[in-house]
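Below, chain A is the first sequence line, B the second, and so on; all start at residue 1.
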Number of protein chains: 2
Amino acid sequence: MTPLSAASGVENVLRILEGRWKLVILFHLFGGKVLRFSDLERAIPAISQKMLIQQLRQMEADGIVRRIVHHQVPPKVEYCLTDWGQALCRALDALLKWAALREAEA
Amino acid sequence: MTPLSAASGVENVLRILEGRWKLVILFHLFGGKVLRFSDLERAIPAISQKMLIQQLRQMEADGIVRRIVHHQVPPKVEYCLTDWGQALCRALDALLKWAALREAEA
DNA sequence: GCCCAGCCTTACTTTCAGGTAAGTACCTTA
DNA sequence: TAAGGTACTTACCTGAAAGTAAGGCTGGGC
C-alpha cells in the first residue's frame with residue numbers, strides 16, 4: 001500500500017462526507033431515525049432546499065442514505081441511513097477520540 | 001451530545017484534513033518518516049511549491065506536523081509528524097475499514 | 001563578484017462548491 | 001377557482017481554494 005493509494009482511499013471516504021451539510025444531516029439520521037424532507041428542513045434551519053436535496057441525493061448515490069417515497073398527496077418522502085451508513089458512526093467516533101487526544105498531550 | 005455539536009466536532013477534524021494535498025503529505029510522513037521539503041516535492045510531483053508549503057504550515061499550526069530547521073546554507077528544513085499526528089493513522093484506518101465494509105454488504 | 005541550491009513568498013488567474021431566489025408539479029380543501 | 005402544503009428544479013451569483021508563474025533570500029564554491 002503506497003502513500004498515494006492509501007491517501008486516495010481516505011480521500012474517497014472524505015469525498016462522501018464533504019460538503020457543508022452532509023455531516024449535519026448524518027448526525028440527524030444516526031440512531032436509526034427516519035425523517036421527512038420537511039423534518040430535516042426544520043431540524044437544520046440554515047440549509048436551503050436546494051442544498052438539502054443535493055446533499056441527500058449524493059449520499060443516496062453513495063449508498064449511505066435510503067430514500068423512501070410514499071405515493072400520496074401531499075407528497076411524503078422519508079430518509080434514513082442504510083446499514084452501511086449507520087456503521088459510519090463508529091468510524092467517526094475514532095476521529096472524535098483522536099481529536100480528544102490532543103488535549104491530553106498538549 | 002446534540003446532532004449539531006457532534007457534527008461540528010467531526011467537522012473540526014475534517015477541517016484539519018481538508019485540502020487537496022494534506023492526506024497525500026500525511027501518508028508520506030506516516031511511520032515516523034522525516035522528509036525534507038525537496039523530498040516531499042519529489043515524492044508528490046504534481047504539487048506546486050506554494051501548495052506544499054501552505055499545507056505544511058497549516059498542518060504545523062494544527063499541531064500534527066513538526067518543522068525542523070537546520071541553520072545552514074543551502075537551507076535544510078525537515079518535516080515529520082508529531083505524536084498526535086502519528087495517532088491519526090489509526091483513526092484513518094477506521095475510515096478505510098468502514099469503506100471496505102461496503103463491498104461486503106453491496 | 002556572481003551563480004547556484006534550497007526554501008519560501010507574492011501576485012494574478014481560474015475553477016467550483018455553495019448561496020439566493022424564484023419556479024414547477026401535484027392534489028386537496030375551502 | 002384559488003389557496004396552500006410538500007418535494008423538488010432551475011438560473012444566476014459569489015467567495016474561497018487551488019493553480020501558475022515569477023521573484024527573493026542566503027552564503028559557499030568557482
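- With a 4.5 Å cut-off on side-chain heavy atoms, L92(B) and L17(B) count as touching.
- The 5' end of DNA chain D is approached more closely, in terms of each residue's nearest nucleotide, by P75(A) than by the other of P74(B) and P75(A).
- In this entry the distance linking NZ of K50(A) with C1' of dT10(D) reads 9 Å, nearest Å.
- OP1 or OP2 of dC8(D) sits under 4.0 Å from a side-chain N or O of Y79(A).
- When each of M51(A) and R57(B) is assigned the nucleotide of DNA chain C with its nearest heavy atom, R57(B) is the one assigned upstream, toward the 5' end.
- Judged by distance alone, the side chain of D39(B) and the main-chain N or O of R36(B) form a donor-acceptor pair under 3.5 Å.
- Between the C1' atom of dT10(D) and the CG atom of L52(A) lies a distance of 17 Å, rounded to the nearest Å.
- The closest side-chain heavy-atom distance from V65(A) to Y79(A) is below 4.5 Å.
- Close to dA7(D), at under 4.0 Å from its OP1 or OP2, lies a side-chain N or O of S38(A).
- Here dG27(D) is the nucleotide among dG19(D), dC8(C), dG27(D) with the atom lying nearest to any side-chain atom of V73(B).
- Whole-Å rounding puts the L35(B) CG to dG6(C) P distance at 15 Å.
- Phosphate proximity of dA16(D) to R20(B): absent, as no side-chain N or O sits under 4.0 Å from OP1 or OP2.
- Considering only side-chain N and O atoms, W21(A) lies nowhere under 4.0 angstrom from the phosphate OP1 or OP2 of dA17(C).
- In this structure, CD of Q54(B) is placed 8 Å from C1' of dA18(D), rounded to the nearest angstrom.
- Whole-Å rounding puts the Q72(B) CD to dC4(C) P distance at 21 Å.
- At dC8(C), one or more side-chain N or O atoms of R67(B) fall inside 4.0 Å of OP1 or OP2 (strictly under the cut-off).
- When rounded to the nearest whole Å, the span between CD of Q49(B) and P of dA18(D) equals 17 Å.
- Residue K76(B) places no side-chain atom within donor-acceptor reach of the base of dG6(C), judged by atom type and a 3.5 Å distance cut-off alone.
- Per the geometry, NE2 belonging to H70(A) stands 17 Å off C1' belonging to dC8(D), to the nearest Å.
- Ring geometry for W84(A) versus W98(B): interplanar angle under 30°, hence parallel rather than tilted (30 to 60°).
- Listed pair Q55(A) / dG18(C) meets the phosphate criterion, a side-chain N or O lying under 4.0 Å from OP1 or OP2.
- The phosphate of dG6(C) has neither OP1 nor OP2 within less than 4.0 Å of any side-chain N or O from R36(B).
- E11(A) and R20(B) are joined by a salt bridge, as a carboxylate oxygen and a charged side-chain nitrogen come within less than 4.0 angstrom of each other.
- For L56(B) and dT9(C), the CG to C1' distance is 15 Å, given to the nearest whole Å.
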